Amino acid sequence: MSENIRFRKLKEELLYKLCNEDIEDVLEAINRVSPRKAVNPLFSFLYSKDELIRWKAVTAMGAVVSRLAEEDIESARVVMRRLMWNLNDESGGIGWGSAEAMGEIMARNEQLAREYACILISYINPEGNFIDNPALQRGVLWGLGRLTQAFPHLTEEIADYLSPFLLSQDPFLRGLSAWTASFLKNSATKSLLLSLHEYNAKIPFYFNGKLCERTIGSLAQPVDRNREY
């Protein structure tokens, strides 16, 4: 069987699981596949028009690249650089899912988090590599939320950068920045979060393999890193 046929077969199998199985079953199945072989199909699913498939691919990418890092850290770095390139204007495309995948990978692997947290942070820093596409900003904020949930000591500097998003008229940016800020111990963001507790506007929110609607007020609640949404 040629490599192209093997790739297509694996891609079809993974797509079936992403479409039809819970994320726990997806991760169990993908754990039986070489991480090097699983990466490329997962990249393609980050662009899926089906929102839940795209989100499950983000979770699966996090698990696969974290496992890859344990086997070959340099190969994992190549994946991280590829995700960064997707978010670069010079790439010629739109990096759907890339910031989310970066955050999920780093939330699962502290070594990669120490190396690449500053890059993800730079995407909301006006003096850094600021991304001004609101749709991509949502992905960056979600990725930063996952990273901060796992390793808040690596993202302490983001509090000042989050404030404009917490005041945004875009409910997605306000809600996702509130969720991210809820993991920080910062007086400035704390006061802004308190002002959002009664905000009942709802946004789609993905967490632990589930895509649900959550109010901005619920996302702004005090931190519990293991809370259910």
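What you see below is based on every heavy atom in this structure, not just the backbone, and it leaves out hydrogens, waters and symmetry mates. A quick note: this is a predicted structure, and the numbers were derived from the prediction, not measured.
Between F7 and E12 there is no side-chain heavy-atom pair separated by less than 4.5 Å. Using a 4.5 Å heavy-atom cutoff, the side chains of I30 and K17 are not in contact. Residues V64 and V39 are in side-chain contact: their nearest non-hydrogen atoms beyond the backbone lie under 4.5 Å apart. When side chains are defined from C-beta on, Q137 does not count as touching F172, because their heavy atoms never get closer than 4.5 Å. Contact check for L162 versus L141: side-chain heavy atoms found under the 4.5 Å cut-off. A 4.5 Å side-chain heavy-atom check between P171 and I216 finds at least one atom pair inside the cut-off. Side-chain atoms of K11 and R8, non-hydrogen and from C-beta on, never get closer than 4.5 Å to each other. Inter-residue side-chain proximity for W179 and L144 is flagged as unmet; no heavy-atom pair is nearer than 4.5 Å.
Shown here are the side chain to side chain contact (heavy atoms under 4.5 Å, CB included) partners of L15, two or more places apart in sequence or in another chain: C19, F45, I53. With sequence neighbours excluded, the residues that form a salt bridge (Lys or Arg N to Asp or Glu O under 4.0 Å) with R108 are E104. For E28, the side chain to side chain contact (heavy atoms under 4.5 Å, CB included) partners are D25, R32, not counting sequence neighbours. Residues passing the salt bridge (Lys or Arg N to Asp or Glu O under 4.0 Å) test with R138 are D170, sequence neighbours excluded.
Considering every non-hydrogen atom in both L173 and P134, the closest pair reads CD2-O, 3.8 Å. The shortest non-hydrogen separation linking L120 to G143 is CD2-C, 3.7 Å. The two residues S182 and Q221 have their closest heavy-atom pair at CB-O, 3.4 Å. Scanning both residues, A113 and L147, for their nearest heavy atoms gives CB-CD1, 3.9 Å.
Distance check, rounded to the nearest 0.5 Å: CZ of R54 to CG of L46 gives 9.0 Å. Going from atom CD of E213 over to atom OG of S218 covers 11.0 Å, rounded to the nearest 0.5 Å.
Under the 4.5 Å side-chain heavy-atom criterion for grouping Ile, Leu, Val, Met, Phe, Trp and Tyr, L211 is connected to L219 within one hydrophobic cluster. In the hydrophobic clustering of this structure, V79 groups with I73; members are Ile, Leu, Val, Met, Phe, Trp, Tyr whose side-chain heavy atoms approach within less than 4.5 Å, directly or through other members.
Side-chain contact annotation: Y161 with N125, donor-acceptor N/O pair under 3.5 Å present. Remark: the Q111 side chain and the R114 side chain contain no N/O donor-acceptor pair separated by less than 3.5 Å. In this structure, a donor-acceptor pair under 3.5 Å is absent between the side chains of T180 and S177.
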Distance-only check: which donor-acceptor pairs under 3.5 Å involve side-chain atoms of residues 190-198, not counting sequence neighbours?
unit_1, atom_1, unit_2, atom_2, d
S191, OG, A188, O, 2.9
S195, OG, L192, O, 2.5
H197, NE2, A220, O, 3.1

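Geometrically, R82 engages F43 in a cation-pi contact, judged by NZ or CZ lying under 6.0 Å from the ring centre and within 45° of the ring axis.
A salt bridge is defined here as a Lys NZ or Arg NE, NH1 or NH2 lying under 4.0 Å from an Asp or Glu carboxylate O, and D72 with R36 meets this definition. Using a 4.0 Å cut-off between charged nitrogen and carboxylate oxygen, E13 and K9 count as a salt-bridge pair. Checked for salt-bridge contact, E70 and R67 miss the test: no charged N lies under 4.0 Å from a carboxylate O.
Within 6.0 Å of atom CZ in F130, more than 12 heavy atoms from other residues, nucleotides or ligands are found, so the atom counts as buried in its surroundings.
The aromatic rings of Y206 and W142 sit tilted, their planes meeting at an angle between 30° and 60°.
Listed by first then second residue, pairs satisfying salt bridge (Lys or Arg N to Asp or Glu O under 4.0 Å) with a partner in residues 148-167 number zero, not counting sequence neighbours.
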